[in-house]
Each structure stands twice: as C-alpha cells, then as structure tokens.
4 protein chains.
Amino acid sequence: MSPPLRADAARNRDHVLATARSAMAEGDLALQLNDIARRAGVGVGTVYRHFPTRRALVEALADSSFTTLVEEAHSASRHDVAWTGVEVLLRALLLAQLTDPAFTEVISTSPDQDAAAGTTAHREQFRASTRTVLERAQQAGSLRPDLTEDDLHRLVCGTAFALRISENPTDRLDRYLRVLLDGIHAGRV
Amino acid sequence: MSPPLRADAARNRDHVLATARSAMAEGDLALQLNDIARRAGVGVGTVYRHFPTRRALVEALADSSFTTLVEEAHSASRHDVAWTGVEVLLRALLLAQLTDPAFTEVISTSPDQDAAAGTTAHREQFRASTRTVLERAQQAGSLRPDLTEDDLHRLVCGTAFALRISENPTDRLDRYLRVLLDGIHAGRV
Amino acid sequence: MSPPLRADAARNRDHVLATARSAMAEGDLALQLNDIARRAGVGVGTVYRHFPTRRALVEALADSSFTTLVEEAHSASRHDVAWTGVEVLLRALLLAQLTDPAFTEVISTSPDQDAAAGTTAHREQFRASTRTVLERAQQAGSLRPDLTEDDLHRLVCGTAFALRISENPTDRLDRYLRVLLDGIHAGRV
Amino acid sequence: MSPPLRADAARNRDHVLATARSAMAEGDLALQLNDIARRAGVGVGTVYRHFPTRRALVEALADSSFTTLVEEAHSASRHDVAWTGVEVLLRALLLAQLTDPAFTEVISTSPDQDAAAGTTAHREQFRASTRTVLERAQQAGSLRPDLTEDDLHRLVCGTAFALRISENPTDRLDRYLRVLLDGIHAGRV
DNA sequence: AATGAATGAGCCTTCATTCAT
DNA sequence: GATGAATGAAGGCTCATTCAT
C-alpha cells in the first residue's frame with residue numbers, strides 16, 4: 001500500500017521506536033512524543049511523521065509482541081490436548097503483558113478508531129485462535145462453558161494487572177496463572 | 001490531633017467532597033482540583049486548604065468505602081465457615097472497587113508517603129482482617145496454602161480490573177468472582 | 001451577570017488590552033496571545049483568563065470604537081436632513097475603521113458564534129440606527145432605493161479597504177468618501 | 001533569460017499550478033506549498049524549485065487573469081466613448097478579482113520586491129492602459145478630475161472587497177459597480 | 001530534476017500551585 | 001478561612017524550508 005521507506009527514513013523510524021521502547025521499559029508510560037524526539041536526538045517533526053499520534057507509536061511498539069503472540073496462539077490452537085492449548089495461550093498472553101507495556105496498553109484497550117492495519121489484523125487473528133482454543137476446550141469439557149473469548153481475554157488482563165501492581169511480578173507469575181487456570185477449569189463447576 | 005473544623009469550614013469540605021464524588025462517578029478520573037473548585041462553586045484555595053494534593057482528596061473520597069469495607073472484613077473474619085469468610089471478604093472488596101473509583105485508586109496503589117492517618121489505619125485494619133480470614137481458611141484446608149494476604153489483595157484488584165475493562169461490569173461480576181474463588185480454593189491442588 | 005472584577009484583575013486586564021492595542025497599531029494584526037502576554041509582561045494564563053480566544057480579545061479591543069460609533073449612529077439617525085444623516089453615519093463608520101484595526105476586523109466579519117454580549121448588542125444597535133438612517137433617506141428620495149442596510153455596511157467596508165491599501169489613507173479619506181456618497185445618492189439613477 | 005524547461009519539468013510546473021488553482025478555488029487561501037505538493041502528488045522540492053516562495057506561486061497563478069485583463073484594458077483604452085472605456089475597464093478589473101483569488105491577492109498588494117518579470121510587466125501595462133482610459137475620460141469631462149490612476153485602482157479593490165464579504169457576490173456585482181461608477185463620474189461635482 | 005525525510009522554531013493551550021486581597 | 005487571579009512550565013502540534021538521496 002504505502003511505498004517502502006527509504007533506507008535513512010527506516011533507520012530513523014527504528015531509532016525512534018527503540019528510544020520509545022527504552023522509555024517505556026524505564027517505566028515512562030506517558031510516552032510523550034516531544035520527549036521521545038528529544039531522547040532520540042531527532043526533530044519532533046520526524047517523530048510525528050512516522051507516528052502521527054501517541055497511539056500510533058504505541059501500536060508500532062506493540063507490533064512485535066503481537067506478531068509473536070499471534071503465532072503462539074495459532075500453535076496453541078493446534079495442541080493435541082485442548083486444555084494444554086488453553087494453558088499455553090494464556091501464559092503467552094500473560095507473558096507478553098509482563099514484558100511489553102506497549103502491548104499491554106493496546107490489548108487492555110478497545111480497538112482504536114484508526115488503528116494501524118497491522119494492529120487490527122493481529123487482533124483479529126488472535127481472537128480467532130483464542131476462539132478455537134476456547135471452543136475445543138469447552139467441547140472437551142475442560143473449560144467452563146459459560147466463558148466467552150472476551151471473558152478469557154479480560155481475565156488474563158486482570159491477572160496481568162495483579163502482577164503489575166506487585167513487587168516481583170515474575171516471581172508470582174506462575175502462582176497467579178495457576179489460580180486463573182484453576183478458576184476457569186470446568187472440573188469444579 | 002487537628003482542632004475540629006469551624007462549622008462553615010466543615011460544610012465547605014463536605015461540599016467539595018460531594019462534588020468530587022459526582023465528578024468521579026461521571027467518569028472524570030482526572031479529578032483536577034481547579035475543576036472541582038469551579039464545580040463546587042468554591043475558590044481553588046479552599047480546595048487546597050482541605051486537600052493539599054489530589055491524592056489527599058482521593059483518599060478522603062475513598063474513606064467511606066473503606067470504613068464500610070473494614071467492617072465487612074471484620075465480620076467476614078468471624079464467619080462460622082472459614083471459606084464463607086473468604087467469599088464474603090472478596091466479594092466486598094470487589095464490589096467496593098466497582099462502586100467507587102476513588103477507593104479503587106487507593107487500594108490498587110502502594111500506600112502513600114504521607115497518607116491521611118485514617119487511610120493508613122483502615123489499610124491496617126483491613127489487612128488484619130484479611131490475614132485472619134486467610135489463615136482460618138488455610139487451616140481449614142479450603143484455601144491454597146501458597147497464597148499470602150498480599151496475593152489475595154492483588155488478585156481481587158486484578159479481577160476488578162478485568163471487570164472495569166468490560167462493557168457491563170456488573171453483569172459479569174459473579175462469573176469473574178466465581179473464577180477467582182475457584183482459582184484460589186485448595187481443593188484442586 | 002459576571003461579578004465585577006477585582007481591582008488588580010481589572011488593572012491587568014486593562015494592561016493587556018493596552019498592550020494589544022499597541023501591537024495592532026504597530027501593524028501586528030496577527031495578535032498572538034502568547035506574544036501579547038510577553039509584551040505585557042504577564043503570564044500567558046492571565047491573557048487566556050481574560051480573553052479565552054484571540055477573537056475575544058479583538059472584540060474587547062473593538063468595544064470602545066463600537067460604543068462611540070453606536071452613539072454617532074444614533075445621533076445620525078435624528079438629523080434634520082436625512083441625507084446628512086447618511087453622510088455622518090458613513091463617515092463615522094469609515095473613520096472608525098481607519099483608526100481601529102480591531103474594530104475593522106470585527107465589523108468586516110460575520111458575527112461570531114460566541115461573541116461577547118456587548119459586541120452582539122452593539123452590532124444590533126448599530127444596525128438599527130443604520131436602518132433608520134437608510135429608510136429616512138430613501139423616503140426623502142436622496143438615497144438609491146435599491147440599497148439595503150447590508151449593502152451600505154459593506155460598501156463602507158470596501159471603501160475602508162481601499163484606503164487601507166493606500167499609502168496615506170487619511171489624505172484620501174474625504175475623496176473616497178465623496179465617491180461613495182455620490183455613488184449611493186439617488187439623484188443620478 | 002532562463003533556458004526553456006525540459007518537457008517533463010514544464011508538465012510538472014503546470015500540474016502544480018493546476019493543483020494550486022483548484023485549492024484556491026476551493027477556498028484554501030493559505031496555499032501551503034507542502035499541501036500543494038501533496039495534492040499534486042509531487043515532492044515538496046519540486047514545488048520549491050518552480051516557485052521558491054508562496055508569493056511566486058500566487059503570481060504565477062494570477063498570470064493568466066492578468067494577461068486577459070491587460071488585453072481588456074488595452075481595448076478599453078481605445079473605446080470611442082471615453083466613459084465607456086472606464087466602465088469596461090473597471091468591470092473587467094472587478095470581475096477578475098471575483099473570479100481569481102490569486103489575482104486579487106497580487107493586485108491588492110504593493111508590488112513585490114522580487115516579483116516575476118511577467119507580473120511587473122503586466123502591472124506596468126495595465127497601469128498604462130488605465131492611465132490612458134483615465135486621462136481620456138477626464139479630458140472628456142466625464143470622470144472626476146481629482147482621481148488618479150491609483151485611486152481608481154484601489155477603489156475597485158475596495159468594491160471587490162465589499163463583494164467578497166457579501167453572501168452572494170455575483171448577485172450584487174452590478175449594483176456595487178454602478179455605485180462606484182456613479183461615484184467617480186464627474187457629472188455631480 | 002525530482003524526491004520527500006528531516007528539521008525545529010514557534011504557536012496554541014492547559015493546569016498545578018501560589019499568594020495577594 | 002476563603003477567594004480566585006496570576007503564574008509559567010510544559011505538552012501538543014504545524015509548517016516553511018533545507019538537503020541528502
């Protein structure tokens with residue numbers, strides 16, 4: 001659709017992205033375009049050219065996490081054991097959120113009016129895989145039948161939130177994930 | 001500690017609080033002191049006198065939810081059936097968050113450097129009750145032994161988050177709470 | 001409606017107005033609020049408090065010219081000789097435009113969505129007087145019958161424009177005004 | 001003076017001009033070079049190469065109106081009836097302004113420091129014809145003797161302005177032009 | 001010649017906080 | 001105590017112009 005970027009432009013764009021990623025990693029979730037420009041040693045205009053809004057930048061940052069996740073979700077949807085698919089999928093989604101604050105923002109938020117095409121596509125693909133995973137597990141009788149794909153999605157976001165407000169998120173990851181998995185398992189109902 | 005407020009000052013304070021509560025209820029989570037002052041028909045200075053920081057105002061707003069919750073937690077800690085205590089406590093904590101955004105902010109956040117005495121006290125009392133509830137349930141064998149009081153606390157905040165990013169939080173409350181309760185129940189381990 | 005300004009606030013407001021008037025007189029028709037603030041030695045916020053938009057400032061600037069003009073127009077509408085009323089009115093309107101660029105902007109422009117109450121009132125009063133002047137002169141047979149009050153209004157704005165793009169506006173004023181007056185006199189038709 | 005343009009360059013130039021003309025016709029009087037470039041599907045650099053300043057572009061746009069006008073003015077200067085020459089000339093100048101905003105900008109403005117050769121020439125030719133028309137009419141006793149060519153010029157610009165700030169310029173053209181013509185006719189003095 | 005990415009000054013506006021009245 | 005005017009740092013964004021490709 002759009003022509004490939006010129007080499008120098010691409011380099012700039014990547015540099016801005018890298019800078020933004022660092023900023024977020026350091027906990028600066030505000031991600032102000034002016035600030036990123038300054039940090040990247042680049043004119044504001046350059047940042048605005050590549051990312052007309054803060055949201056556009058966030059989505060671009062989230063892209064790689066999203067790509068990975070989409071693949072993981074797809075393979076999760078083909079696991080021999082349906083329930084294992086659920087486990088794998090949820091862990092992947094949770095891990096992505098612990099790792100990448102930009103991704104967390106995108107995934108915890110309703111789709112943007114004018115999201116990048118890529119983001120919309122990823123979302124759609126991920127939803128599809130999730131739906132498959134969910135249906136298989138429900139048919140296998142291992143997943144509560146009263147949960148929808150949206151529910152799963154949000155419950156994982158909630159778990160990620162619980163981890164985020166904790167001191168050592170990574171240490172607790174397995175425990176909290178286990179709680180979630182046990183909670184959604186059908187056995188108990 | 002501080003002298004009782006003059007009657008008119010107290011009236012002002014209450015009015016500001018009421019205004020702020022309305023604002024938050026309407027979804028204005030920014031809660032700008034200037035804005036509140038204007039809405040309350042009161043000078044900015046007045047707001048600042050009573051609530052030197054935004055956080056102070058938020059804590060004041062959260063106070064009544066906190067008071068209620070502390071009572072509920074206390075009575076939960078005396079339930080005949082330990083597990084029922086857990087259920088009651090968690091539901092109360094969850095409900096408070098769905099109802100009162102100010103409370104949500106306070107409870108999802110590490111204690112403030114210079115929090116109001118009341119807030120600190122409430123927090124402590126609530127922690128104590130929670131601890132009791134938790135220990136009783138763990139001794140009764142109904143609650144996973146590997147969960148601490150902090151874990152419980154955060155898991156509920158996570159569940160509240162999951163509800164908050166949903167369309168009709170109230171409709172889903174019971175389902176999500178059930179997931180959480182099943183997840184933390186010891187039966188499965 | 002709004003409470004009277006505090007003394008110091010009023011002083012500030014006046015100072016900003018004076019600064020803005022100077023700026024315009026010096027030919028700076030852009031009238032940027034930041035710039036005015038700097039020139040006035042006042043915080044930007046102060047300017048914005050008193051004049052939330054550039055237009056509000058312009059209207060405030062135009063106010064005194066408008067007040068004078070409205071009076072002149074009113075007395076013009078009571079002249080014994082209807083045609084003299086026309087002459088007086090048009091000269092007054094023309095002069096106001098040569099003297100006050102802010103007034104020129106307001107009067108050459110369609111009424112603002114949210115104009116100050118004063119501006120709207122002035123406009124209305126001026127229109128009314130103009131209408132009277134016009135009707136009397138038309139009934140006396142001295143003014144072309146095919147001209148409306150809007151036409152008069154705009155023709156004067158046009159004449160003011162002709163003067164503005166000239167080197168020595170004031171020197172030409174009488175000549176251009178004469179051309180206009182002769183042009184709208186009925187005698188010739 | 002400058003070498004003839006390469007064919008493709010000429011095509012580009014024309015295309016930019018056409019785009020700019022459309023933009024102005026649509027009421028975009030700002031005429032930002034960046035914007036024009038984008039609309040024309042051409043690099044900014046290309047626009048800058050052909051038109052180093054906004055003004056240069058405006059003058060280029062005005063060129064064709066100017067050419068036509070110069071011819072009309074010339075033929076007006078040869079009318080049998082001197083006064084008719086005045087009528088024809090003024091109407092032509094007025095019409096050009098109603099039709100072409102670029103021309104209006106050029107003609108209402110003092111000659112540019114570094115105007116294109118063509119513009120300067122056109123101006124000169126137009127001035128010459130106007131002077132002729134004016135002198136003949138004054139000698140014939142039909143035009144006020146106290147008007148200079150500059151006066152005529154500006155009075156027409158003023159009339160154009162009056163029309164421009166009106167709702168239906170074209171509907172009023174004849175009336176306003178009549179007012180002007182009657183105003184400058186010598187009969188009345 | 002053409003391209004269009006980059007620049008960065010600079011305007012607009014908001015808002016937390018202070019302090020004279 | 002209450003008031004609300006003043007402050008000005010700070011962030012958002014645009015756009016004329018340059019220059020490497």
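Here is how names work: the chains are called A, B, and so on, in the same order as the sequence lines, proteins then strands, and each is numbered from 1.
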According to the interplanar angle, ranging from 0 to 90°, do the rings of A:F66 and A:H122 count as parallel (below 30°), tilted (30 to 60°) or perpendicular (above 60°)? parallel
With sequence neighbours left out, what residues match [X] under side-chain contact (heavy atoms from CB on, under 4.5 Å)?
X: A:S64; value: A:R21
X: B:I165; value: A:R154, A:C157, B:F161
X: D:A116; value: D:E59, D:T119
X: D:A20; value: D:L31, D:I36, D:L57, D:L61

Atom [atom1] of [X] and atom [atom2] of [N]: how far apart are they, to the nearest Å?
X: A:R55; N: F:dG12; atom1: CZ; atom2: C1'; value: 18 Å
X: C:D28; N: E:dC11; atom1: CG; atom2: C1'; value: 13 Å
X: D:R11; N: E:dA2; atom1: CZ; atom2: P; value: 10 Å
X: B:R49; N: F:dT3; atom1: CZ; atom2: C1'; value: 11 Å
X: A:H50; N: F:dC13; atom1: NE2; atom2: P; value: 17 Å
X: A:L57; N: F:dG12; atom1: CG; atom2: C1'; value: 15 Å
X: A:F51; N: E:dA6; atom1: CZ; atom2: C1'; value: 14 Å
X: A:R38; N: F:dA10; atom1: CZ; atom2: P; value: 11 Å

Applied to residues 102-121 of chain B, the salt bridge (charged side-chain N to carboxylate O under 4.0 Å, His left out) test, sequence neighbours excluded, yields B:R54-B:E105
Salt bridge (charged side-chain N to carboxylate O under 4.0 Å, His left out) pairs touching residues 26-39 of chain A, sequence neighbours excluded, are A:E26-A:R39, A:D28-A:R39, A:D35-A:R38, A:D35-A:R39
D:N12 has its side chain closest, among F:dT7, E:dA5, E:dA2, to E:dA2
ask   = OP1 or OP2 of F:dT7 less than 4.0 angstrom from a side-chain nitrogen or oxygen of C:T46, does that happen here?
value = yes
Residues at least two apart in sequence or cross-chain that pass salt bridge (charged side-chain N to carboxylate O under 4.0 Å, His left out) with C:D8, listed by chain then number, are C:R6
Produce the list of close N/O pairs, under 3.5 Å, pairing protein atoms with atoms of nucleotides 16-20 of chain F; give distances to one decimal.
from, atom 1, to, atom 2, distance (Å)
F:dA16, N7, D:N34, ND2, 2.7

Under the rule of Watson-Crick or G-U wobble with both distances under 3.5 Å, where | means paired to another strand and [ ] a crossing pair, DNA chain F maps to .||||||||||||||||||||
Rounded to the nearest 0.5 Å, the CG atom of C:L33 sits from the OH atom of C:Y48 at a distance of 4.5 Å
